[in-house]
Amino acid sequence: MRAPDDPTAFIRAHTRLLPVPHAPEIRLHVADEATELWQKTEHELQEIGLPPPFWAFAWAGGQALARYVLDHPEIAAGATAVDFASGSGLVAIAAARSGARHVIASDLDPFATAAIGLNAAANAVAELIEPVSRNLLDGAPDADLVLAADVFYERDLAQAVTAWLSGLQARGTTVLIGDPGRTYLPREQLECLETYAVPVSRSLEDAEIKRSHVWRLRP
């Protein structure tokens, strides 16, 4: 088995363009049946080395962070922004719609970068969003604002991301995090800015409503 030649066609075939529950101003190509698509990629695409389809869902932390940025557009207005581990591109789109002049939406999954392009176009911000697949943890992006949602689910990644974000903040970059309380969230280093009750799929989370938070690193 080999990877599909056309990630964009694969995404179109397995998703529908729907409003985000907690940020209905934004529409995403998402999976109708979360379990079905997840199993398809796990049982088939995993055999050819592709990761699970994180890009096909609006995760709780991303919805919270997108909502916060949309409600506080001054955070992104005029900024060069980075949406780290962007997935669907939800938070990048929120930043672009809030006035960011350029948004780098990074994700190592080539299907995610394809999804980001599709979703940016569907929300009329494609010219503002640059999908990239390089590993940003290797350096310090030239950005005013860095956004990261739902990235603290694995220990080693969480430690690396925390150190990276702390370094960026020390250089004067604004850093905001969206997270519903993942296992490896460094709570002792964070200050909560806002809490939302976010509708999510029970097939992906442990509840239909997930209390999700927007955080910033303590100085």
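- Criterion: ILVMFWY side-chain heavy atoms under 4.5 Å apart, direct or through other members. Under it, Val125 and Val30 are part of a common hydrophobic cluster.
- Between Pro180 and Asp150, the closest side-chain pair of non-hydrogen atoms falls below 4.5 Å.
- Gln63 pairs with exactly one of Val91, Ile26, Val198 by the side chain to side chain contact (heavy atoms under 4.5 Å, CB included) rule, that one being Val198.
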task: Check step by step if side-chain contact (heavy atoms from CB on, under 4.5 Å) holds for Asp144 and Thr173.
output: CA-CA 5 Å; Asp144 310 301; Thr173 304; over 6 Å; no

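- In this structure the side chain of Ser166 reaches within 4.5 angstrom of the side chain of Gln189, judged on heavy atoms.
- Here Leu176 contributes atom CG and Trp215 contributes atom CH2; the two are 13.0 Å apart, rounded to the nearest 0.5 Å.
- In terms of heavy atoms, Ala58 sits closest to Leu28 at CB-CD1, 4.2 Å.
- Under the 4.0 Å criterion applied to side-chain N and carboxylate O atoms, Arg182 and Glu154 are not assigned as salt-bridge partners.
- In this structure, CD1 on Ile75 lies 7.5 Å from CG on Leu145, to the nearest 0.5 angstrom.
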task: Before giving the answer on side-chain contact (heavy atoms from CB on, under 4.5 Å), spell out for Glu191 and Arg216 the whole-Å C-alpha distance, their side-chain angles and the decisive distance to 0.1 Å.
output: CA-CA 5 Å; Glu191 173 187 0; Arg216 65 182 173 197; 3.1 Å; yes

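- Atom SG of Cys192 is separated from atom CZ of Arg187 by 11.0 Å, given to the nearest 0.5 angstrom.
- Taking the six-membered ring where tryptophan is involved, the planes of Trp164 and Phe84 are tilted, since the angle between them lies from 30° to 60°.
- Atoms CZ and CG, from Arg27 and Leu18 in turn, are 9.0 Å apart once rounded to the nearest 0.5 Å.
- Across all non-hydrogen atoms, the minimal contact from Ser98 to Val69 is OG-O, 3.1 Å.
- Hydrophobic clustering places Val20 together with Val103 (ILVMFWY residues linked when any side-chain heavy atoms are closer than 4.5 Å, directly or through intermediates).
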Check against salt bridge (Lys or Arg N to Asp or Glu O under 4.0 Å), Glu25 and Arg67: CA-CA 10 Å; Glu25 309 97 310; Arg67 181 75 268 154; 2.6 Å; yes

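- When every heavy atom of Ala160 is checked against every heavy atom of Leu137, the shortest pair comes out as CB-CD1, 4.2 Å.
- A continuous path of hydrophobic side-chain contacts links Leu136 to Tyr153 [ILVMFWY only; heavy atoms under 4.5 Å].
- Separating the CD1 atom in Ile104 from the CD1 atom in Ile129 is a distance of 11.5 Å, to the nearest 0.5 Å.
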task: Could you please spell out the steps behind the side-chain contact (heavy atoms from CB on, under 4.5 Å) verdict for Leu147 and Tyr68?
output: CA-CA 11 Å; Leu147 305 160; Tyr68 188 84; over 6 Å; no

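- Note on ring orientation: taking the six-membered ring where Trp is involved, the planes of Tyr196 and His22 are perpendicular (angle over 60°, cut-offs 30° and 60°).
- The shortest distance between side-chain heavy atoms of Pro21 and Val200 does not fall below 4.5 Å.
- A heavy-atom distance below 4.5 Å is found between the side chains of Pro199 and Ile209.
- Between the CG atom in Asp179 and the CG atom in Leu65 there is a gap of 10.0 Å [rounded to 0.5 Å].
- The shortest heavy-atom contact between Thr195 and His213 is OG1-ND1, 2.9 Å.
- Counting only heavy atoms from C-beta outward, the side chains of Tyr184 and Thr162 never approach each other to under 4.5 Å.
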